[in-house]
Number of protein chains: 2
Amino acid sequence: MLKLTLGRKVTTISQYKDIANTLKARIQNGDYVTGEHLPSQKELAEEFGTSRVTIQKALDELSNANLILRRQGSGTTVAPNSQSTLDILSSQYEGTTKLFAGRGKVSTQVLHFEIRLPNAHEQKRLSISDSTPVYDILRLRNVDDKPYELDHSIMPLSVIRNLTEKIAAGSIYTFIETQLGLKIGSSIRKITADIPSEDDQKYLQCHHNEPILQVSQTVHLADGRPFEYSQTRHRYDKGGVIVINNFLSSNGLEA
Amino acid sequence: MLKLTLGRKVTTISQYKDIANTLKARIQNGDYVTGEHLPSQKELAEEFGTSRVTIQKALDELSNANLILRRQGSGTTVAPNSQSTLDILSSQYEGTTKLFAGRGKVSTQVLHFEIRLPNAHEQKRLSISDSTPVYDILRLRNVDDKPYELDHSIMPLSVIRNLTEKIAAGSIYTFIETQLGLKIGSSIRKITADIPSEDDQKYLQCHHNEPILQVSQTVHLADGRPFEYSQTRHRYDKGGVIVINNFLSSNGLEA
DNA sequence: GAGTGGTCTAGACCACGCG
DNA sequence: GCGTGGTCTAGACCACTCG
């Protein structure tokens, strides 16, 4: 440990995360090239002045992100497609505002903003009772002044407080993270294709035969509380959803 | 260690995976109830006769699967929605044949089966040269005798050997895992909505205004070699793709 | 302050791949 | 056989939550 001023940052992050980020940067910079071997765990432990277990925890991070491949007996190599994986990681979809930061102008039109009681389905998805009021927000997001997605969000007041229509016109996620100081955890999403409704045709300006890509999701805070149940409808020509699936880690449980 | 006959299985799996599975089963059986605390790491270490670090590695597995929540100072609890998460885990999408095992009759019609050289795009996706031949396979999968998906797969012969049209009429994934003895690793998918092509309308029996849900993916073996680049087109009314996204672990690298 | 989970160590043995 | 990564230990200190 010894989290004193080790030279660089005083950020007091854990060593293994620091090391993981350093190694990630080396892959990004091309210091470690796709297909080539990384130094052995022993060598890395010596370089960073730490134990092998700590190096292994750092490598776990990179491995989960599909950036490296570890083979018993053989060694650790940089994964194929590591560069494109890095691209995907950096564009991890947390919110539309963040996703397009620096790449396009995002504007938001709040079509509906209401506080009401949840229906049975919403109660179940958000793990709340029928007496917990929720925000019901319908927003149209534009990118570069062209309609991009139609977002219908339900959030419980018991978790998200002091949300206003004005905030909803900006980035709700940024508000939650910076103003409320809450950490976003995991989400479960179902992605489907659908026929456009009248609202879709009106707001997304699509024709009746142009499909809609819908993402229906429940999002949780890091402490496990569900805070958003939403259905987002996209024009079919405005890109898709990119997903990395690691069968190994998920199926590690089943063997 | 001490992987001798410890009493139950002789499967020689690592302790922490064994423990993870045991704990998972307890959640599944309701021995540990959603929202309630698990025994502390210290208690679990005593119960399983192991060290705390090993228990932590087991809990890492459950945590990655979104089955538990760990809070410093507070304790470890069963995650909300743990039961539905278990459902999703058990239906992890590896192949259509497996997905519907026991739930519907899957039949496959091989529409095209060819060995040829890859184009530039396929070379890039599969990390192969222009002289490495590939299988080009188009299949129609039916569930309960109704068209379900139209699958176009490209696989390099350098990785997948001895594939025949007859095998393609069954489950290619089962062939790869059991006959070739290869382990499937991770996949990267892009999910989009699209307008049906003539082939879609013909084989999936959908109308020109019924959207298609397309999953375009590159799948890797556990050792990192890409072995399949495919585009699968689904009828929009036959369900969607369910995805669990763990922001914490993926963003652990970015902080 | 007591108890919890998070991090870290130094050392050990094992399983695997390769020459 | 040697070097690699995989697993495991016993113990330590830290950070956090809660009564």
Side-chain angles (χ1 to χ4, degrees), chain A residues 1-4 6 10-21 23 36-46 48-64 67-79 181 183 222-224 248-249 252 255, chain B residues 1-4 6 10-21 23 36-64 67-79 181 183 185 221-225 248-249 252 255:
Chain A
M1 9 96 179
L2 282 178
K3 286 180 192 161
L4 317 177
L6 273 170
V10 203
T11 34
T12 333
I13 291 183
S14 47
Q15 268 190 62
Y16 77 89
K17 281 183 184 165
D18 250 341
I19 295 172
N21 283 324
L23 297 178
E36 295 301 310
H37 279 76
L38 269 68
S40 72
Q41 296 181 357
K42 187 165 166 283
E43 289 169 322
L44 289 172
E46 285 165 6
F48 288 100
T50 186
S51 71
R52 222 184 109 209
V53 179
T54 302
I55 294 296
Q56 285 175 320
K57 261 197 116 171
L59 294 179
D60 282 346
E61 300 275 312
L62 301 184
S63 189
N64 286 336
L67 289 172
I68 59 169
L69 297 166
R70 304 153 85 174
R71 259 166 298 187
Q72 212 172 29
S74 176
T76 301
T77 52
V78 179
K183 270 193 184 177
D223 65 12
L248 285 180
S249 60
Chain B
M1 10 92 181
L2 281 179
K3 285 179 192 162
L4 318 175
L6 273 171
V10 203
T11 35
T12 333
I13 291 184
S14 47
Q15 268 190 62
Y16 78 89
K17 281 183 184 166
D18 251 341
I19 295 172
N21 283 323
L23 296 178
E36 295 301 310
H37 279 76
L38 268 67
S40 71
Q41 296 181 357
K42 187 165 167 284
E43 288 169 321
L44 289 171
E46 286 164 5
E47 177 192 339
F48 289 98
T50 185
S51 71
R52 221 184 109 209
V53 179
T54 301
I55 294 296
Q56 285 175 320
K57 261 198 117 172
L59 294 180
D60 282 345
E61 299 275 312
L62 301 184
S63 189
N64 285 336
L67 290 173
I68 59 169
L69 296 165
R70 304 153 85 175
R71 260 166 297 185
Q72 211 171 31
S74 177
T76 301
T77 52
V78 179
K183 272 193 182 177
L221 296 175
D223 64 12
R225 283 179 293 168
L248 286 180
S249 60

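Predicted model, so just to flag it, every value in this text is computed and none were measured. Below, all heavy atoms of this structure are taken into account, side chains as well, without hydrogens, waters or symmetry copies. Chain letters run A, B, ... following the sequence lines, proteins first and then strands; every chain starts at 1.
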A:K57 and A:E61: CA distance, side-chain angles, deciding distance, salt bridge (charged side-chain N to carboxylate O under 4.0 Å, His left out) verdict: CA-CA 7 Å; A:K57 261 197 116 171; A:E61 300 275 312; over 6 Å; no

Test side-chain hydrogen bond (donor to acceptor under 3.5 Å, both in side chains) applied to A:T50 and A:Q15, step by step: CA-CA 9 Å; A:T50 186; A:Q15 268 190 62; 3.1 Å; yes

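Side-chain nitrogen and oxygen atoms of A:R70 include none within less than 4.0 Å of the OP1 or OP2 phosphate oxygen of D:dT4. Considering only side-chain N and O atoms, A:S40 lies under 4.0 angstrom from the phosphate OP1 or OP2 of D:dT4. Phosphate proximity of D:dA10 to B:S51: absent, as no side-chain N or O sits under 4.0 Å from OP1 or OP2. Put simply, A:Y16 has no side-chain N or O that comes within less than 4.0 Å of OP1 or OP2 on C:dC8. In terms of phosphate contacts, A:K57 brings a side-chain nitrogen or oxygen within less than 4.0 Å of OP1 or OP2 of C:dT7. Between B:T50 and D:dT9 there is a side-chain polar atom (N or O) within less than 4.0 angstrom of OP1 or OP2. A sub-4.0 Å separation between OP1 or OP2 of C:dG6 and a side-chain N or O of B:Q41 is present.
The distance between atom CD of B:E43 and atom P of C:dG3, rounded to the nearest whole Å, is 11 Å. D:dT9 atom C1' lies 17 Å from atom CZ of B:F48, rounded to whole Å. Taking atom CD1 of B:I19 as the reference point, atom P of D:dG6 lies 19 Å away to the nearest angstrom. As rounded to whole Å, 13 Å separates atom P of D:dC8 from atom CG of A:D60. Between the CD1 atom of A:I55 and the C1' atom of D:dT7 there is a distance of 17 Å, rounded to whole Å. A:D18 has its CG atom 19 Å from the P atom of C:dG6, to the nearest Å. A straight line from CD of B:Q56 to P of C:dC8 spans 12 Å, rounded to a whole angstrom. A straight line from CD of B:Q15 to C1' of C:dA12 spans 15 Å, rounded to a whole angstrom.
Taking the side chain of B:T54 as heavy atoms from C-beta on, and the options C:dC8, C:dT7, D:dT9, the nearest nucleotide is D:dT9. Considering only the side chain of A:S74, C:dG17 comes nearest among C:dG6, C:dG17, D:dT7. For A:R52, whose side chain is taken as the heavy atoms from C-beta onward, the closest listed nucleotide among C:dC16, C:dC13, C:dG6 is C:dC13. Comparing C:dC13, C:dA15, C:dT7 against the side chain of A:K17 picks out C:dT7 as the nearest.
When each of B:K42 and A:V53 is assigned the nucleotide of DNA chain C bearing its nearest heavy atom, the one mapping closer to the 5' terminus is B:K42.
Residues satisfying the salt bridge (Lys or Arg N to Asp or Glu O under 4.0 Å) criterion with B:R70, sequence neighbours excluded, are B:D60. Annotation: side chain to side chain donor-acceptor pair (under 3.5 Å) contacts of A:Q56 (sequence neighbours excluded): A:Q41.
Summarising the geometry of A:I19 relative to A:A58, their closest heavy-atom pair is CG2-CB, 3.8 Å, with the distance given to 0.1 Å. Listed here is the closest heavy atom pair of A:L23 and A:L62: CB-CD1, 3.6 Å.
Using a 4.0 Å heavy-atom distance criterion, A:R71 is classed as a sugar-phosphate-only contact.
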